[in-house]
**Student:** 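This is the structure, below, for whatever I ask next.
Not measured: the values here are computed from a predicted model. Chain letters run A, B, ... following the sequence lines, proteins first, then strands; residues in each count from 1.
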Amino acid sequence: MLDYRYIKENLESVVENVKRRKVKADPLLVVRLYDERNDHLHRIEELRKKRNENASKMKVKLPDKERKLLVEEGKRLKESIATEEEVLFEIERKLYEEALKIPNMTHPEAPVGEGEGDNVEIKRWGEIPSFSFKPKDHVQIGKELDLVDFDTATKVSGQKFYYLKNEAVILELALVRYALDILSGEGFTVTITPDIAKDEIAQGIGFNPRGEESNIYRIEGTDTCLVGTAEITLGGYYSKEILDPSTLPIKMAGLSHCFRREAGAAGQFSKGLYRVHQFTKVEMFIYCHPSKSDEMHKYLLDIEEKVFQGLGIAYRIVDTCTGELGGPAYRKFDIEAWMPGRGENGDWGEVTSASNCTDYQARRLGVRFKENGKRRFVHMLNGTAIAVSRALLALLENYQREDGSVGIPEALIPYTGFSEIGHSRS
RNA sequence: GGAGAGAUGACCGAGAGGCCGAAGGUGCACGCUUGGAAAGCGUGUGUACUCCAACAGGGUACCGCGGGUUCGAAUCCCGCUCUCUCCGCCA
C-alpha cells in the first residue's frame, strides 16, 4: 500500500496514476478519511491526556469528597473516550479498506496504455522454429506420448488439473533443478517454501484472499490460504523485521506449488497446461535498498533470459503497460516464449514475469532497514525463474519432431538423463 | 492432540493497581582518565504517530496479541498466539 501522507501530499499524481492504471480507487476519499481520522485521533488524545491528569491527581491521599469528585470526572472522561474510539475505529477500518485499493505508483518509463495491445516489446531473442509439418499443440503431444493426463485429473480433482506422467515427471524435476542451479550460482539462497500462508501475508503481498474475485484458495476454518506463488512466502519471510542494511540485497529463490482458482478463465488461449489450478514454480525474490531496485529489476530479467536462452526457446520481452500492471507493481517485464501450438500458427505466451514492487509490499508487511538512525522500507522485487507447466508446454511444442518424438535441450540432459522422448518406452 | 511453565526495552533481568516508559546489569555512543590500551569514572541510549519553524520542547500509544474490570493496569480477569518441557501420534 501507499503511505497515507504520501497520498495526501501527492494527491494529483496519485489520482492520475489510478486513472492510468485503470483501477477503481478513490484517492480523494482516502485523503478525506485520513483527515477525519487525524481529527478524531487528536480529540481522543486530548481526552486521554485529561484522563491521565485526572488519574494522577489521585495518586496521593485525598479527602473522600475531593476523591469522589475526581472519580466522577474520570468516569465521564472514560465514557467520552469510549464513544470517540468507536467512531475512530470505524473511520480507520474504512480508510485502510480504501487505501488498499490504491495501486503502487508507476515507473516513469512504463508504457502508458489500456490493455495487452499497449504493452511494448523491447527485445526479441532466438529463432521462431519452422516446421516441415503442421506442429501439434502440447495437449496432443502430451496425450500421444502419455506425458500429461487431463481427463483423469478432471475426474479426480476437477477441471484444469493434470497428472504428469513418465518423462514429463522427470522433466518437471529437471527444470526445477536446472533453475535452482542457475540461481545458486547467482548467489541466491534457495528454499522450498510452505505451500500455505496466512491471509495477512498474502494480503501484504497484494493478493486478496477474501475478495469475491479472488484467485486464491482459502482453507476453510483457518486464516490461511494456498499460495498462488512463492512470492507470498518469500515476501513474508522477513515481514515485521528490521534488516541490517549491510545484508542487502537479499536474494532468495523459492520452490513451491502454486494454486490459483482462475475463475472464469477459459478458451483457446488458456487451454491445456497454459492455465491450470496447480503448478510448480521456482520464484526469485529480492529485498534491496531503494536506490538499487531498478538495477535489481534488470538483474532479475537477465536471469530469466538466461534460463530461457539455456532452454533454446525463442522469446520476446514485454514492458507491461500501465493498464495491465497489478496493484503492487511499479514496473513489470514479462518474457513471452514462442509456443508453436498456440492459436492458429503459433503465438507468444507469457512464461515469466519480473516485477519491481518498490516499497508497496514492504510497507504493509513491515520490512525495514535502518539508515542513519532512520527506519526505511526496503524495496521488494520478484521474478519467475521457471514456471514449470508453461516451460514444459513450450518445451514440448518447440522441440517436437515430425515422427512424434520430442527432443530435450542440451542444458537439461544432465538433469533428465535422457535426450529425447519417443514412442517406445521400455 | 493432552499436561505444565513462560512471554518486559538491542540482550539479561526486576516489577506484583497509582511514585513505571519501566530498577539493576550487559551492550552501544560520547566524554574524562591513560604514553597507548584495558580497567575505572561521568553522561547518554526504544519505537510509532502527532503538535511545533525546530535533529529544542510537548502530547498520545506501546511491557507477546486482542478484549474486559477500574477514576487509574506491565501488574487483576477472559480469549488467542508463540516458546520451552513432558506425554501421545506419526513421514
Side-chain angles (χ1 to χ4, degrees), chain A residues 1-10 30-96 98-100 192-204 209-210 218-225 233 236-248 255-257 359-378:
Chain A
M1 70 190 308
L2 294 179
D3 181 48
Y4 295 141
R5 216 162 41 180
Y6 178 88
I7 297 172
K8 183 175 167 152
E9 284 165 9
N10 300 276
V30 171
V31 171
R32 197 159 358 113
L33 288 166
Y34 179 57
D35 287 341
E36 215 176 307
R37 182 198 77 142
N38 287 344
D39 286 350
H40 272 265
L41 197 59
H42 289 155
R43 213 168 310 155
I44 288 170
E45 285 185 354
E46 281 307 309
L47 287 169
R48 283 176 181 160
K49 184 180 172 183
K50 280 189 196 152
R51 177 199 58 192
N52 291 346
E53 284 167 356
N54 188 256
S56 14
K57 284 184 199 156
M58 276 183 275
K59 284 172 186 171
V60 291
K61 278 214 189 306
L62 287 173
D64 274 359
K65 237 184 227 162
E66 234 172 280
R67 172 166 292 267
K68 205 174 164 201
L69 278 173
L70 288 172
V71 170
E72 286 306 314
E73 173 66 8
K75 279 188 178 169
R76 245 195 47 235
L77 285 167
K78 184 163 78 159
E79 264 169 50
S80 24
I81 289 171
T83 17
E84 285 290 338
E85 275 180 344
E86 233 168 274
V87 179
L88 178 69
F89 293 154
E90 180 51 27
I91 294 169
E92 283 190 327
R93 194 194 56 74
K94 193 123 189 260
L95 170 62
Y96 184 67
E98 289 300 322
L100 283 184
I192 296 177
T193 84
D195 287 340
I196 288 176
K198 293 183 182 172
D199 292 342
E200 72 186 71
I201 300 290
Q203 196 179 64
R210 290 168 201 277
R218 289 202 72 223
I219 299 171
E220 200 178 343
T222 71
D223 294 325
T224 59
C225 55
T233 40
Y237 195 91
Y238 286 108
S239 61
K240 296 175 195 158
E241 294 196 19
I242 292 163
L243 303 172
D244 177 346
S246 70
T247 63
L248 301 176
L255 167 62
S256 83
H257 290 116
D359 60 1
Y360 192 85
Q361 299 172 323
R363 182 168 295 106
R364 242 186 300 178
L365 291 170
V367 190
R368 291 167 296 178
F369 67 102
K370 218 170 199 174
E371 185 177 64
N372 302 326
K374 292 252 181 216
R375 287 169 181 207
R376 296 185 64 189
F377 292 108
V378 297

**Student:** Give one of base, sugar-phosphate or nothing for Tyr34(A), where a contact means two heavy atoms less than 4.0 Å apart.
**Tutor:** sugar-phosphate

**Student:** Write down the distance separating the C1' atoms in C62(B) and A74(B), rounded off to the nearest Å.
**Tutor:** 11 Å

**Student:** Give me the distance, rounded to whole Å, that separates C11(B) from A16(B) when you measure between the P atoms they each carry.
**Tutor:** 23 Å

**Student:** Pairing check on G35(B): which nucleotide meets the Watson-Crick or G-U wobble criteria with it, both distances under 3.5 Å?
**Tutor:** none

**Student:** If the P atom of C19(B) is compared with that of U60(B), how far apart are they to the nearest Å?
**Tutor:** 14 Å

**Student:** Quick one: Lys57(A) NZ to C19(B) C1', roughly how many Å, whole number?
**Tutor:** 18 Å

**Student:** Can you check whether Asn52(A) has a side-chain N or O nearer than 4.0 Å to OP1 or OP2 of U60(B)?
**Tutor:** yes

**Student:** Would you kindly give the CD-to-C1' distance between Glu200(A) and C65(B), to the nearest whole Å?
**Tutor:** 11 Å

**Student:** Could you check whether any side-chain N or O of Asp195(A) sits under 3.5 Å from a backbone N or O of His257(A), counting only pairs where one atom can act as donor and the other as acceptor?
**Tutor:** yes

**Student:** G72(B), OP1 or OP2 - any side-chain N/O from Lys78(A) closer than 4.0 Å?
**Tutor:** yes

**Student:** Measure from CD on Glu73(A) to P on U70(B) and round the result to the nearest Å.
**Tutor:** 17 Å

**Student:** Give me the distance, rounded to whole Å, that separates G79(B) from U26(B) when you measure between the C1' atoms they each carry.
**Tutor:** 37 Å

**Student:** Taking the minimum atom-to-atom distance to the side chain of His42(A), which one of U60(B), U50(B), C71(B) wins?
**Tutor:** U50(B)

**Student:** Using a 4.0 Å heavy-atom cut-off across all strands, classify Asn38(A) as base, sugar-phosphate, or nothing.
**Tutor:** nothing

**Student:** Suppose you measure atom P in G40(B) against the same atom in G46(B); what distance do you get, rounded to whole Å?
**Tutor:** 24 Å

**Student:** How would you label the contact of Lys49(A) with the nucleic acid (heavy atoms, under 4.0 Å): base, sugar-phosphate, or nothing?
**Tutor:** sugar-phosphate

**Student:** Provide the Watson-Crick or G-U wobble partner of C49(B), both distances under 3.5 Å; none if there is no partner.
**Tutor:** G59(B)

**Student:** Tell me if a side-chain donor or acceptor on Asn10(A) pairs with a main-chain N or O of Tyr6(A) at a distance below 3.5 Å.
**Tutor:** yes

**Student:** Can you measure Arg48(A) atom CZ to C51(B) atom P for me and round it to whole angstrom units?
**Tutor:** 16 Å

**Student:** Using both distances under 3.5 Å as the test, list the Watson-Crick or G-U wobble partner of A23(B), or none.
**Tutor:** none

**Student:** If you measure from the C1' atom in A22(B) to the same atom in C78(B), how many Å do you get, rounded?
**Tutor:** 25 Å

**Student:** Return the value, rounded to whole Å, for the distance between atom CG of Asp199(A) and atom C1' of U81(B).
**Tutor:** 16 Å

**Student:** Got a salt bridge between Arg76(A) and Glu73(A), using NZ or NE/NH1/NH2 to carboxylate O under 4.0 Å?
**Tutor:** yes

**Student:** Taking pairing as Watson-Crick or G-U wobble with both contacts under 3.5 Å, can you name the mate of G42(B), or confirm there isn't one?
**Tutor:** C30(B)

**Student:** For U43(B) and C51(B), measure between their P atoms and round to the nearest Å.
**Tutor:** 35 Å

**Student:** To the nearest angstrom, how far is Arg376(A) atom CZ from U47(B) atom P?
**Tutor:** 17 Å

**Student:** Rounded to whole Å, please give me the gap between CD in Glu46(A) and C1' in C51(B).
**Tutor:** 10 Å

**Student:** Applying the Watson-Crick and G-U wobble criteria at under 3.5 Å, what pairs with G4(B)? Answer none if nothing qualifies.
**Tutor:** C84(B)

**Student:** Looking at the side chain of Leu41(A), which of G18(B), A61(B), C49(B) is the nearest nucleotide?
**Tutor:** C49(B)

**Student:** Would you kindly compare Arg51(A) and Glu72(A) by the position of their nearest RNA chain B nucleotide and give the one closer to the 5′ end?
**Tutor:** Arg51(A)

**Student:** Would you indicate what Arg5(A) reaches in the nucleic acid, counting non-hydrogen atoms under 4.0 angstrom: base, sugar-phosphate, or nothing?
**Tutor:** sugar-phosphate

**Student:** Does any nucleotide pair with G18(B) by Watson-Crick or G-U wobble geometry, both distances under 3.5 Å, and what is it?
**Tutor:** C71(B)

**Student:** What's the gap between C30(B) and C12(B) when it is taken at their C1' atoms, as a whole Å value?
**Tutor:** 24 Å

**Student:** Expressed in angstrom and rounded to an integer, what is the separation of Arg363(A) atom CZ from A48(B) atom P?
**Tutor:** 14 Å

**Student:** Using purine N1 to pyrimidine N3 plus N6-O4 or O6-N4 for Watson-Crick, or N1-O2 and O6-N3 for G-U wobble, both under 3.5 Å, which nucleotide pairs with G66(B)?
**Tutor:** C78(B)

**Student:** Between Lys8(A) and Asp3(A), is the closest basic N to carboxylate O distance under 4.0 Å?
**Tutor:** no

**Student:** Closer than 3.5 angstrom, by distance alone: can the side chain of Arg67(A) be matched with the main-chain N or O of Met58(A) as a donor-acceptor pair?
**Tutor:** yes

**Student:** Taking the side chain as everything from C-beta on, heavy atoms only, tell me whether Arg43(A) gets closer than 4.5 Å to His40(A).
**Tutor:** yes

**Student:** With distance as the sole test, does Arg37(A) use its side chain to make a donor-acceptor pair with the main-chain N or O of Ile91(A) at under 3.5 Å?
**Tutor:** no

